[in-house]
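Structure, as structure tokens:
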Amino acid sequence: MCGRAYHTYSAEELSVAYLNRRPLKLTVAPNFNMAPTQESPLVLVREDLRQIEPARWGLVPGWAKTLAEASKYSLFNARGEEIAEKRTYAKAFRERRCVVPLSGFYEWLTPASGPKRPHAIARKDGAIMSVAGVWSSWKASPDAEPVQSFSIVTTAANTFMSAIHDRMPVILDERDLDTWLDPEIQEPERILPLVRPCPPEWLTAHEVSRDVNSVRNNRPDLVLPAGG
DNA sequence: CCAGACGTTGTT
DNA sequence: GTCTGG
DNA sequence: CCAGACGTTGTT
DNA sequence: GTCTGG
């Protein structure tokens with residue numbers, strides 16, 4: 001479902017969207033073809049304050065001994081239907097929720113015959129898409145540098161997305177961000193209701209070039225309508 | 001009790 | 001670390 | 001998610 | 001076919 005994405009926003013746009021214009025402590029370069037293992041800005045709350053920090057796409061759980069071990073388990077997506085029960089995600093879902101700010105994501109339509117056709121999906125209003133995630137901080141050894149990582153929460157496709165694919169990321173309403181990000185809110189009955197498909201009218205989509213298939217390609221035109 | 005898994009998607 | 005399976 | 005590798009020995 | 005890497 002959600003294994004490729006892009007972001008073209010500036011640091012200032014992120015600051016306005018999430019930090020009430022506080023400056024970011026990281027530089028933001030556009031990524032027109034972001035894949036698992038790559039870094040993305042992440043919004044999370046530390047000591048009652050929202051922060052934006054870089055993190056690796058693909059959760060590295062505490063029990064992993066190596067990055068390679070973690071990458072065997074496709075932890076770049078977490079099924080929302082089961083996230084509260086799965087041993088790899090349950091604790092992060094209670095205590096370490098985050099928002100992945102995206103300009104949009106890619107989804108491949110699989111025709112009855114012929115090659116898969118990639119589409120870019122974005123918010124119709126042009127706003128930064130607040131995708132629900134869970135994060136982790138992992139160390140290879142006690143004195144190693146911590147690796148921050150995240151997984152994107154997925155759900156069933158809404159009526160808009162189902163024309164392309166049967167799954168989609170959880171896209172949060174701005175009004176739900178504080179609840180989602182608050183690490184002190186841990187009751188499933190308060191956070192599980194946010195894990196649902198967004199209204200279909202929020203979204204727009206267009207087919208893009210199959211050049212996006214290869215992560216070696218990373219150009220501004222990848223996000224544009226195919227052939228345009 | 002210990003050992004071993006721990007995940008998703010898509011396709012058949 | 002925690003759950004599942006035997 | 002898709003693309004690309006998938007291995008060993010011996011020599012530089 | 002299956003795993004690894006981006």
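As the structure is a computational prediction, the values presented were derived from the model and not from experiment. Every chain is numbered from 1, with letters handed out A, B, ... down the list of sequences.
- Comparing the P positions of B:dA5 and E:dG6 gives a spacing of 26 Å, expressed to the nearest Å.
- Nucleic acid contact class of A:P36 (heavy atoms, under 4.0 Å, all strands): base.
- Within the nucleic acid shown, A:W108 comes within 4.0 Å of sugar-phosphate atoms alone, with no base atom in reach, counting heavy atoms only.
- In this structure, the CZ atom of A:F93 is 18 Å from the C1' atom of C:dT2, given to the nearest Å.
- Contact annotation: A:K116 reaches the phosphate of D:dC2 (side-chain N/O to OP1 or OP2, under 4.0 Å).
- Here A:A78 lies in heavy-atom contact (under 4.0 Å) with sugar-phosphate atoms only.
- Hydrophobic clustering of Ile, Leu, Val, Met, Phe, Trp and Tyr side chains at less than 4.5 Å, counting indirect connections, unites A:Y18 with A:V45.
- In this structure, CG of A:L75 is placed 14 Å from P of D:dC1, rounded to the nearest angstrom.
- Across every non-hydrogen atom of A:V43 and A:R50, the tightest pair is CG1-CD, 4.3 Å.
- Nucleotides B:dT12 and D:dC1 place their P atoms 14 Å apart, quoted to the nearest Å.
- In the set B:dA5, B:dT8, D:dC2, the nucleotide with an atom closest to the side chain of A:N213 is D:dC2.
- A donor-acceptor pair shorter than 3.5 Å can be found between the side chains of A:N213 and A:W108.
- Minimum atom distance to the side chain of A:R87 is reached by B:dG7, of the listed B:dG7, B:dT9, E:dG6.
- Taking atom CD of residue A:Q38 and atom C1' of nucleotide D:dA3, one finds them 13 Å apart after rounding to whole Å.
- In this structure, the aromatic ring of A:W63 is positioned over the six-membered ring of the base of B:dC6, centres within 5.5 Å and planes within 30°.
- Atom-to-atom, CZ of A:R219 to P of E:dG6 comes out at 20 Å; the value is rounded to the nearest Å.
- When each of A:R167, A:R196, A:K86 is checked for a salt bridge (charged side-chain N to carboxylate O under 4.0 Å, His left out) with A:E81, only A:R167 meets the rule.
- Between the CZ atom of A:F76 and the C1' atom of D:dC2 there is a distance of 10 Å, given to the nearest Å.
- The nucleotide whose nearest atom lies closest to any side-chain atom of A:Y89 is, among E:dG6, D:dC1, B:dG7, B:dG7.
- Open room surrounds CG on A:N20; 12 or fewer heavy atoms of other groups in view lie less than 6.0 Å from it.
- A gap of 39 Å separates the C1' atoms of D:dT8 and B:dC2, to the nearest Å.
- Computed from coordinates, the A:R79 CZ to B:dG7 C1' distance equals 11 Å when rounded to whole Å.
- One atom, CG of A:N217, and another, P of E:dG6, lie 15 Å apart when rounded to the nearest Å.
- The shortest distance between the side-chain N/O atoms of A:R167 and the OP1/OP2 oxygens of D:dC1 is not below 4.0 Å.
- Taking a 6.0 Å sphere around CD of A:E69, one finds it holds more than 12 heavy atoms contributed by other residues, nucleotides or ligands.
- Side chain of A:W57 to main chain of A:A35: no donor-acceptor pair is present (N/O by atom type, distance under 3.5 Å, no hydrogens or angles).
- Among the heavy atoms of the strands, none lies under 4.0 Å from A:S151.
- Contact annotation: the side chain of A:F160 never approaches that of A:M168 to less than 4.5 Å [non-hydrogen atoms, C-beta and beyond].
- Looking at heavy-atom distances under 4.0 Å, A:N33 makes no contact with the nucleic acid at all.
- Counting only Watson-Crick and G-U wobble pairs whose two key distances fall under 3.5 Å, DNA chain B forms stems of three or more stacked pairs at B:1-6 with C:1-6.
- Of all non-hydrogen atoms in A:P183 and A:E95, the two that sit nearest each other are CB-O, 3.6 Å.
- Separating the P atom of C:dG1 from that of B:dT9 is a span of 28 Å, rounded to the nearest Å.
- Checking the phosphate oxygens (OP1, OP2) of D:dG4, a side-chain nitrogen or oxygen of A:R216 falls inside 4.0 Å.
- E:dG5 and B:dG4: their P atoms are spaced 25 Å apart (whole Å).
- To the nearest 0.5 Å, atom CD of residue A:E53 and atom CH2 of residue A:W135 are 7.0 Å apart.
- Rounded to the nearest 0.5 Å, atoms OG1 (A:T110) and CD1 (A:I164) are 11.0 Å apart.
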Polar atom pairs (N or O), protein with nucleotides 3-5 of chain E, under 3.5 Å:
none

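- Per the geometry, CG belonging to A:N77 stands 16 Å off C1' belonging to B:dC6, to the nearest Å.
- Straight-line distance between the C1' atoms of B:dA3 and D:dT11: roughly 45 Å, to the nearest whole Å.
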